[in-house]
Novice: 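First the structure, which I've put down as structure tokens, then a few questions once you've had a look.
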Amino acid sequence: MDAVRLIVTSRRALAAGGGVPDLLTEVWQAQALAQAIGSRLVLAGPPHLRGEATGLADLAGHGIGVLDRAPLDSGEPRAARLTELGDTRACLMHLGGLLGDVGIALVGIACAADDEATYWSCVEAIDAADEARDRVRDMLRKLAEREAALTRREAG
């Protein structure tokens with residue numbers, strides 16, 4: 001399945017909400033998808049994005065690790081269905097939105113947390129999602145700069 005379709009599916013599942021366990025599962029799914037997209041960009045994406053893509057994969061992996069919550073069902077993670085990235089810009093724009101949604105969901109979970117362990121793991125996961133979103137923004141900026149430079153060369 002292409003990345004944008006998986007991201008849209010993840011955003012819908014996250015927006016559907018549910019209880020804290022369901023939300024944490026969807027956050028985990030979203031972070032796993034961000035990690036998979038980052039890894040795929042490292043291997044097959046534009047060469048000038050590979051550094052940020054590595055950072056994205058690492059940060060999303062950290063977000064998964066601090067949550068320490070595998071999906072409740074026994075099926076494979078949504079990210080395992082990723083077969084292609086499609087248009088890099090569209091993929092990154094949608095991924096940035098998903099990571100923003102992840103941060104918002106985690107803030108809500110942290111605010112309602114009954115125990116300090118959940119609160120602090122959410123805070124760490126918020127930081128990881130925010131930093132991953134920064135990497136996505138950096139990649140979008142680099143894509144825009146590259147396109148502008150190519151346009152200037154073609155015009156001049």
Novice: Start with the C-alpha distance between Gln31 and His62, add both sets of side-chain angles, then the distance that settles side-chain contact (heavy atoms from CB on, under 4.5 Å), and finish with yes or no.
Specialist: CA-CA 9 Å; Gln31 291 281 35; His62 180 70; over 6 Å; no
Novice: At their closest point, which heavy atom of Leu67 faces which heavy atom of Ser121, and how far apart are they?
Specialist: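 Looking at all heavy atoms of both residues, the closest pair is CD2-O, 4.4 Å.
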Novice: What is the distance from atom CD of Glu131 to atom CG of Asp58, rounded to the nearest 0.5 Å?
Specialist: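 Those atoms lie 11.5 Å apart.
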Novice: Please check this pair: side chain of Gln29 against backbone of Arg78, looking for a donor-acceptor N/O pair closer than 3.5 Å.
Specialist: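 Checked: pair present.
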Novice: How long is the straight-line distance from CG of Leu98 back to OG1 of Thr9, given to the nearest 0.5 Å?
Specialist: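 Separation between the atoms: 10.5 Å.
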Novice: Using modelled atom types only, decide if a donor and an acceptor are shared between the side chain of Thr118 and the backbone of Asp115 within a distance under 3.5 Å.
Specialist: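 Not a single qualifying donor-acceptor pair exists.
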Novice: So which atom in Pro46 and which in Leu41 form the shortest heavy-atom distance, rounded to 0.1 Å?
Specialist: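 So the minimum-distance heavy-atom pair works out to CD-CD2, 4.3 Å.
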Novice: How about Ile37 and Arg40: do any of their side-chain heavy atoms sit closer than 4.5 Å?
Specialist: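 They are not in side-chain contact.
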Novice: Hey, quick one: are Leu95 and Leu140 part of the same hydrophobic cluster, counting side-chain heavy atoms closer than 4.5 Å, chains of contacts allowed?
Specialist: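 Yes: a chain of side-chain contacts under 4.5 Å links Leu95 to Leu140.
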Novice: Look at Asp138 together with Arg135 and state whether they make a salt bridge at an N to O cut-off of under 4.0 Å.
Specialist: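 Between Arg135 and Asp138 there is no salt bridge, as every charged N stays at least 4.0 Å from the carboxylate O atoms.
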Novice: What pair of heavy atoms forms the shortest contact from Ile64 to Trp28, and how long is it?
Specialist: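 Looking at all heavy atoms of both residues, the closest pair is CG2-NE1, 3.2 Å.
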Novice: Check step by step if side-chain contact (heavy atoms from CB on, under 4.5 Å) holds for Leu85 and Asp2.
Specialist: CA-CA 6 Å; Leu85 292 177; Asp2 102 319; over 6 Å; no
Novice: Looking at Ala34 and Leu99, what are the two nearest heavy atoms and their distance?
Specialist: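 Taking Ala34 first and Leu99 second, the nearest heavy atoms are CB-CD2, 4.1 Å.
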Novice: Could you state the interatomic distance from SG (Cys91) to CD1 (Ile7), rounded to the nearest 0.5 Å?
Specialist: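 That separation rounds to 4.5 Å.
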Novice: Report the C-alpha separation of Glu26 and Arg12 in whole Å, then their side-chain angles, then the decisive distance to 0.1 Å, and conclude whether the side-chain contact (heavy atoms from CB on, under 4.5 Å) test is met.
Specialist: CA-CA 10 Å; Glu26 288 307 323; Arg12 285 183 184 146; over 6 Å; no
Novice: Testing Lys142, Arg89, Arg152 one by one against Glu147 for a side-chain contact (heavy atoms from CB on, under 4.5 Å), which residue passes?
Specialist: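 Testing each of Lys142, Arg89, Arg152 against Glu147, the sole residue satisfying side-chain contact (heavy atoms from CB on, under 4.5 Å) is Arg89.
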Novice: Please round to the nearest 0.5 Å and tell me the distance separating atom CG of Leu106 and atom CG of Leu14.
Specialist: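 Leu106 CG to Leu14 CG: 8.5 Å, rounded to 0.5 Å.
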Novice: Determine yes or no for a side-chain-to-main-chain donor-acceptor pair under 3.5 angstrom, with Arg81 supplying the side chain and Met1 the backbone.
Specialist: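 Checked: no pair found.
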Novice: Is there a path of hydrophobic side-chain contacts, each under 4.5 Å between heavy atoms, that joins Val20 and Val27?
Specialist: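 Yes, Val20 connects to Val27 through the hydrophobic network.
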Novice: One pair to check against side-chain contact (heavy atoms from CB on, under 4.5 Å): His48 and Leu143. What are the steps and the verdict?
Specialist: CA-CA 9 Å; His48 64 286; Leu143 283 173; 3.9 Å; yes
Novice: Is it the case that one hydrophobic cluster holds both Val8 and Leu33, taking links as side-chain heavy atoms less than 4.5 Å apart, direct or via other members?
Specialist: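 No, it is not one cluster - the side chains of Val8 and Leu33 are not joined through contacts under 4.5 Å.
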Novice: When rounded to the nearest 0.5 angstrom, what distance separates CZ in Arg146 from CG in Leu49?
Specialist: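 The CZ atom of Arg146 sits 8.0 Å away from the CG atom of Leu49.
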Novice: At their closest point, which heavy atom of Gly17 faces which heavy atom of Asp22, and how far apart are they?
Specialist: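 Reported closest heavy-atom pair: O-CB, 3.9 Å.
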Novice: Check whether Arg50 reaches the backbone of Val42 with its side chain - one donor and one acceptor, N or O, closer than 3.5 Å.
Specialist: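 Yes, because the side chain of Arg50 sits within donor-acceptor range (under 3.5 Å) of the backbone of Val42.
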Novice: Considering only NZ, NE, NH1 and NH2 on the basic side and carboxylate oxygens on the acidic side, decide whether Arg141 and Glu145 come within less than 4.0 Å.
Specialist: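 Yes, this pair counts.
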Novice: In the single-linkage hydrophobic clustering (I, L, V, M, F, W, Y; side-chain heavy atoms under 4.5 Å), do Ile104 and Leu23 co-cluster?
Specialist: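 In one cluster with Ile104: Leu23, no.
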Novice: Heavy-atom distance under 4.5 Å between the side chains of Leu56 and Gln35, does that happen here?
Specialist: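 Leu56 vs Gln35: side chains apart.
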Novice: So if you build clusters from Ile, Leu, Val, Met, Phe, Trp, Tyr with side-chain heavy-atom gaps below 4.5 Å, do Leu92 and Leu59 land together?
Specialist: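 Leu92 does not cluster with Leu59.
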Novice: Measure across Ala125 and Gly63 and return the closest heavy-atom pair with its distance rounded to 0.1 Å.
Specialist: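 Between these two residues, the closest heavy atoms are CB-O, 4.3 Å.
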